[in-house]
2 protein chains.
Amino acid sequence: MPESVTHTAGGAVRSSRVEARKADARRRILEAAREVVTEHGFAAAQVAVVASVADVATGSIYRHFPSKASLFSEMLRDVCRRELEVVRAVAAEEGRTATERIGDAVATFVDRALRGEGLAYAVIAEPMDPDVDQVRLEARAGLAQAFAELIENGVTAEEFPAQDARIRGAAIVGAFLEAVVAPLAERVTRPLDRAAVSAEVARFCQQAVAGAALTSTPDARIRVIHGGQS
Amino acid sequence: MPESVTHTAGGAVRSSRVEARKADARRRILEAAREVVTEHGFAAAQVAVVASVADVATGSIYRHFPSKASLFSEMLRDVCRRELEVVRAVAAEEGRTATERIGDAVATFVDRALRGEGLAYAVIAEPMDPDVDQVRLEARAGLAQAFAELIENGVTAEEFPAQDARIRGAAIVGAFLEAVVAPLAERVTRPLDRAAVSAEVARFCQQAVAGAALTSTPDARIRVIHGGQS
DNA sequence: ACCCGAAATGAATATTGGTTCAGTACTGAA
DNA sequence: TTCAGTACTGAACCAATATTCATTTCGGGT
């Protein structure tokens, strides 16, 4: 038995080799979807185009995903999950004050997003489909939650004044997402200085939660975490 | 000559009465568009539906607007212009510090937006069409500009520390828009307390720009300005 | 070699909804 | 009352594109 096999309903078998091939096609399709969106936005993301980039037939897409919306939802969910992980990783670093964590998390997110311009714009702002939009909302909620937790920590540690962590978490997310999108929208006008934007936004968010308690204004450090950017 | 007339190309005339009727139909169509979007979002906003609500035939829409996108763009532009005017009006009040102005402007916007839930959500977040999206971007830019000016004032008056007014203006807009959308997205979960949300967001924005300089934290006042809400 | 079922293919189909336009109803002046 | 011009109507049209499915190719067991 040189090849591991699975038995299907009809009594037939399927070698792990073809399983792997199938899984690979699926991966290629997701990859292609991301590529197309990054390059030309959701507007250009027809099923046929994605198929051709992934080097499979149009119909094959439907062998892996029940619908176009589900394909793009999954793609977007992956991208967003990765960004959330990065943010949480930066925020989790030991031995830093809540202020520092928030600054670093914001700066890192903004910097990464500004690197991957096309995808970031599409993910944050470009209209697509209600299903896909839902993913966007969930991603925002996830980020807001992460920041709300950081704020709670700061309040508990008496580093920040009392405040509604939930609302301010959302406000932080809105602030930095807008700071990413706004420059991208006018990137023709002025070349953008990633470091300057992310530092400024990070400071903004720190002050917003620390308020008068923030005496020194530490520069946020951007943690470059490798892996696909968004 | 009991009726003022205009001469058309063919030498014919058009009474002011029919002009008025035509203008009225146009107004009704815009109104209907807003109504449909407020009630059911852009997703349900087909030309045929708008026509039926406005009580005209589908084709008549095209007698007043060259395309669906232009109809909705105009509708959205109107709504956004009004909100921007309100914000600027609140911000322009005499004898107040920059901090107070910013707080009031933010609180007023958020409160108004939370009143007109449906429209606010659609205007801020719901995907539609690239043309319409452009209007959204412009509206955001307009708001950002208004806040950037307030920040400049504050910096000039040495009320705020030096900062990049352009970036922070955008961040403020992002912060309060998100604070509007996020609660709307989960409004099933918890009933929303408009006053609490707007006060919290206003405080957030004030701290974000004033930072350590903000010793007392004055409550922002919500100016209720009458007129269609968004 | 041959066969069976799974997987891939891509041209054909279905759907959706914006836009058009031939016909009809009005309007106001002569 | 008639007529020319204009506005209105809404069913038919059409483009775009997501989805289907009859056919072909492939993999591996006999």
Side-chain angles (χ1 to χ4, degrees), chain A residues 1-26 28-29 32-33 36 40 42-73 128-132, chain B residues 1-29 32-33 36 40-73 128-132:
Chain A
M1 196 196 274
E3 196 70 80
S4 97
V5 296
T6 4
H7 291 263
T8 59
V13 293
R14 194 165 25 166
S15 79
S16 63
R17 179 123 37 113
V18 352
E19 285 274 317
R21 178 196 296 257
K22 190 173 174 181
D24 183 61
R26 197 187 143 89
R28 278 213 318 284
I29 291 167
V36 171
H40 312 284
F42 279 119
Q46 282 110 283
V47 175
V49 172
V50 173
S52 115
V53 171
D55 215 24
V56 298
T58 318
S60 302
I61 299 271
Y62 290 85
R63 195 150 295 290
H64 299 279
F65 303 91
S67 69
K68 178 189 183 180
S70 81
L71 160 60
F72 284 96
S73 292
M128 219 229 135
D129 165 298
D131 282 8
V132 173
Chain B
M1 198 195 271
E3 196 71 80
S4 95
V5 295
T6 4
H7 290 263
T8 58
V13 293
R14 193 163 27 164
S15 78
S16 63
R17 180 125 34 115
V18 354
E19 285 275 316
R21 179 195 293 257
K22 191 172 174 182
D24 183 61
R26 196 187 144 90
R27 212 172 304 122
R28 280 212 319 284
I29 292 168
V36 171
H40 312 285
F42 279 118
Q46 281 112 281
V47 175
V49 173
V50 173
S52 116
V53 170
D55 216 24
V56 297
T58 320
S60 302
I61 300 267
Y62 290 85
R63 198 147 295 289
H64 299 279
F65 302 92
S67 71
K68 178 189 183 181
S70 79
L71 160 59
F72 283 97
S73 291
M128 218 227 135
D129 164 298
D131 282 8
V132 174

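Chain naming here is simple, since letters A, B, ... match the order of the sequence lines and numbering starts at 1 in each. What you are looking at is a predicted structure, and each value in this text was computed from that prediction instead of being measured.
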Item to complete: Examine D/dG10: is either OP1 or OP2 under 4.0 Å from a nitrogen or oxygen in the side chain of B/Thr58? Give yes or no.
Response: no
Fill in: side-chain N/O B/Lys68 vs C/dG17 OP1/OP2, d < 4.0 Å
no
Discussion item. If you take any heavy atom closer than 4.0 Å to DNA chain D, which residues from residues 48-57 of chain A end up in contact?
Written reply: none
Discussion item. For a quick test of reading the model: is some side-chain N or O of A/Arg21 closer than 4.0 Å to OP1 or OP2 of C/dA6?
Written reply: no
Worksheet item: Quick one: do A/Arg21 and A/Asp24 make a salt bridge, cutoff under 4.0 Å?
Response: no
Item to complete: Report the nucleotide, chosen from C/dG18, D/dC8, D/dT20, that has the shortest atom-to-atom distance to any side-chain atom of B/Arg63.
Response: D/dC8
Response to the item:
Sorted by chain and number, sequence neighbours left out, side chain to side chain contact (heavy atoms under 4.5 Å, CB included) with B/Ser73 holds for B/Arg77, B/Asp131, B/Val132, B/Val135
Fill in: Residue closer to the 5' end of DNA chain D, A/Ala43 versus A/Gly59 (nearest nucleotide)
A/Ala43
Worksheet item: Among all residues two or more places apart in sequence or in another chain, which pass the salt bridge (charged side-chain N to carboxylate O under 4.0 Å, His left out) test with A/Arg63?
Response: none
Might you list the N or O atoms of the protein lying below 3.5 Å from N or O atoms in nucleotides 12-16 of chain C, with each pair's distance?
none

Response to the item:
Residues at least two apart in sequence or cross-chain that pass side chain to side chain contact (heavy atoms under 4.5 Å, CB included) with B/Ala33, listed by chain then number, are B/Val50, B/Leu71, B/Phe72, B/Met75
Fill in: Non-neighbouring partners of A/Ser67 that pass side chain to side chain contact (heavy atoms under 4.5 Å, CB included), sequence neighbours left out
A/Ala69, A/Ser70
